[in-house]
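For reference, the structure discussed in these notes is given below.
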Amino acid sequence: MSTRKNARKKTKENKPRDSIAIRIAKILFTLVFAAVVAGALLICMETFIRGDFLEAKKWMEDNYNPFILNYLILFVFFLLFLGLFNDLLFSTFAFTVFTLLLSFINRYKHMFLGENLYPWDVLLYQQMFNLFPELIKEVNKGKLAIAAIGVVLIIATIIFIKKKIGFVVFRLSVLKRLALIVISVVLIVSFFLFRSTPLKRLFNELQITNINWNQESNYRINGFVLSFVLNTESALVFPPQGYGKENILNTVEDLKNRLTVEKTEKTLERHPNIIFIMNESFWDPTRLESVPFSEDPMPTVRKNQVGWLLSPQFGGGTSNIEFEAMTGLNVSFLPTGSIAYQQFVGHSLPSLVSILKEQGYEPTAVHPYYNWFWNRENVYKYLGFNQFISLDNFKDATYRGPYISDKEVNAKIINKTESTDKPDFIYAVTMQNHGPYEKGRYKDDVKIKIDDSELSDESKYSLETYTQGVVEADEAFAELIDYYGKSEEPTIIIFYGDHMPFLGADYLTYKEAGYVKDEKWSLEEYQRMRQTPLVVWNNFTDEKIELPSISPSFLGPHILDLAQIEKPLYYRFLEEFSKQMPGYTTSVKNDADGNLYKDTPDNVKPLEDTYERLQYDLLFGKGYSKEALFGSGT
């Protein structure tokens, strides 16, 4: 054995070194090869993401400077892979898989949620793994099989070429590999933090702009790779202009002078129970006017509806709606596509929960799913909840489809209010009507049918399944108000959908029903794609409030008024803002008269600036305003 080893060692030592000319030729070949691979993969990525080669070609022609930067970034990344693996062909294979995987994730995220892949999505890996079995159902199995076969063939080709064509087997010494890795990493970091490096000048000269207020345009104009890079630095939230202790204290003093406490007549002997039910994907499917439903799927909600919630999300991002409703803060001031619970809530935060807790309430969160999802197990503590009833607490529960039924959530709510002497504050998030809405989910137990529709079979069956979930959510809500209608404890129930449902890739059902167009949407269409029914019910007064299209951020003041609880200064400010602009999202805004805006009108700008500064101070800053806005107990 030792003789054989020595022979191999001797052979290796006697192997002639390449001449300088051959080494230079191999280096040039490697660089040219890397340049070709980077260019080819960029074209493949943009073609796959845009769905059409001609669209990708048009983008390259119309946006030459962004195209060049996309290309340079990919080229540098390929050099990093080469330094890491020290094998030209394997590096090509690994880099190809890496880039195509990013393209795949971006394409399907956009199909499901209408949003591109953002840098902060890497924090959501647990959710992605958990939802992967459901998402994979939407993938074309034939194309997936072809892709798998292609991977096998590529690996076999690499092995064959390496054995037959020695010229492509080019190895770097340890020092040269290390140098290549360091240079590549430095360049990559410079791209991601370009505003703090000499590359800022290059970006300025090329007139590259991060269109972070409109990410759809950002990715369409700047391309996937460059937009992803630009957004990385945007994920860092910087103080708004003028932020500082003196400025914040002056702002608070102005609010104190302007927004005095209004005394309200108290008719309740005790604080009422306050129950929020954020029902998963609850929406009114009869708004698809071209679709004939055999009967009304939501008679109880319709009877008690007081207006529309203007959700900041479509098809997902549930925790952002919770964040707005619980804190009165607004995700429009955060990087587009970010998840506040995952990225920004890492400390105690004054909220509707903490306010009611100071008033003697027992605060409880209820959600029949994993407690780690959206980081709720930690965030709920930061917000002030005493208890979180999650999936582990739903033993032997009844399931409807793959998720625990809404009626099981009712049982937890009722049990909680019956078992405590204090008034209860409960924030419940249901799961039953979570997508996807595959045919047969409820077997033959589908109450409402769709007849004589122009919808494709795919849209028809998914809409019927979804509508059955609406029916059962409405029935569960009816049971709940029937129970509390007979209760001696004063109770308020706030019921709404977190966002509209995902009904087919690329808004398939909505487009087939004529609810939105294929091309660029109008403000009216954006609003329609963000509104869910809103109910505010109580058992102690017959007076029914009416609300405009309203953001979750502005629900708090109305609920505190109804509960006859004095509003802290911050909630008096939210009330002032919502009187001017009750609907406030990145996509669309509406004033109290129903007029729609993309950008905030000039007369609301001063309030908007105040809102943004206060939010930064509470969420990211020094908390100069905290005690004045919420009181010493927060």
(Q) Could you report the tightest heavy-atom contact between Ile321 and Pro312, atom names first, then the distance? (A) CG1-CD, 3.8 Å

Q. Is it the case that more than 12 heavy atoms not belonging to Asp602 sit under 6.0 Å from its CG atom?
A. no

Q: Verify, without hydrogens or angle tests, whether Asn70 (side chain) and Val225 (backbone) share a donor-acceptor contact under 3.5 angstrom.
A: yes

Q: Answer yes or no: is there a donor N or O on one side and an acceptor on the other, between the side chain of Asn63 and the main chain of Trp59, under 3.5 Å?
A: yes

Q. Looking at Tyr361, Tyr380, Phe276, which one forms a ring-ring contact (aromatic ring centres under 6.0 Å, His included) with Phe385?
A. Tyr380

Q. Which atoms form the tightest heavy-atom contact between Tyr571 and Ser351, and what is the distance?
A. OH-C, 4.0 Å

Q. Would you call the rings of Phe282 and Phe495 parallel, tilted or perpendicular if under 30° counts as parallel and over 60° as perpendicular?
A. perpendicular

Q: Keeping the roles fixed (side chain from Trp308, backbone from Leu534), state whether a donor-acceptor pair exists under 3.5 Å.
A: no

Q: Measure from the side-chain N and O atoms of Ser332 to the backbone N and O of Thr586, and report whether any donor-acceptor pair falls under 3.5 Å.
A: yes

Q.
For a 4.5 angstrom cut-off between non-hydrogen side-chain atoms, does Gln313 reach Asp498?
A. no

Q) Between Arg201 and Glu205, is there a salt bridge with N-O shorter than 4.0 Å? A) yes

Q: Applying ring-ring contact (aromatic ring centres under 6.0 Å, His included) between Tyr616 and each of Tyr624, Phe333, Tyr243, report the one that passes.
A: Tyr243

(Q) Any salt bridge linking Glu608 with Lys605? Criterion: basic side-chain nitrogen under 4.0 Å from a carboxylate oxygen. (A) yes

Q | Thr364 side chain to Gln387 backbone, donor-acceptor under 3.5 Å | A | no

Q. Are any side-chain N or O atoms of Tyr427 and backbone N or O atoms of Val353, one a donor and one an acceptor, separated by less than 3.5 Å?
A. no

**Q.** Parallel, tilted or perpendicular, as decided by the 30° and 60° cut-offs, for the rings of Phe194 and Phe203
**A.** parallel

Q.
Please verify the inter-ring angle class for Phe620 with Phe344; under 30° counts as parallel, over 60° as perpendicular, anything in between as tilted.
A. perpendicular

(Q) Whether Arg287 engages the ring of Tyr515 as a cation-pi pair (distance to the six-membered ring centre under 6.0 angstrom, angle to the ring normal within 45°) should be assessed. (A) no

Q) side-chain contact (heavy atoms from CB on, under 4.5 Å) with Lys579: which residues, sequence neighbours excluded? A) Glu575

Q: Could you tell me whether a side-chain N or O of Asn371 sits under 3.5 Å from a main-chain N or O of Glu377, the two making a donor and an acceptor?
A: no

Q: Would you check if the side chain of Asn106 reaches a backbone N or O of Asn116 as a donor-acceptor pair within less than 3.5 Å?
A: no

Q. With no hydrogens and no angle check, is any side-chain donor or acceptor of His499 less than 3.5 Å from a backbone partner on Trp283?
A. no

Q.
Please check: side-chain N/O of Arg50 versus main-chain N/O of Glu55, any donor-acceptor pairing under 3.5 Å?
A. no

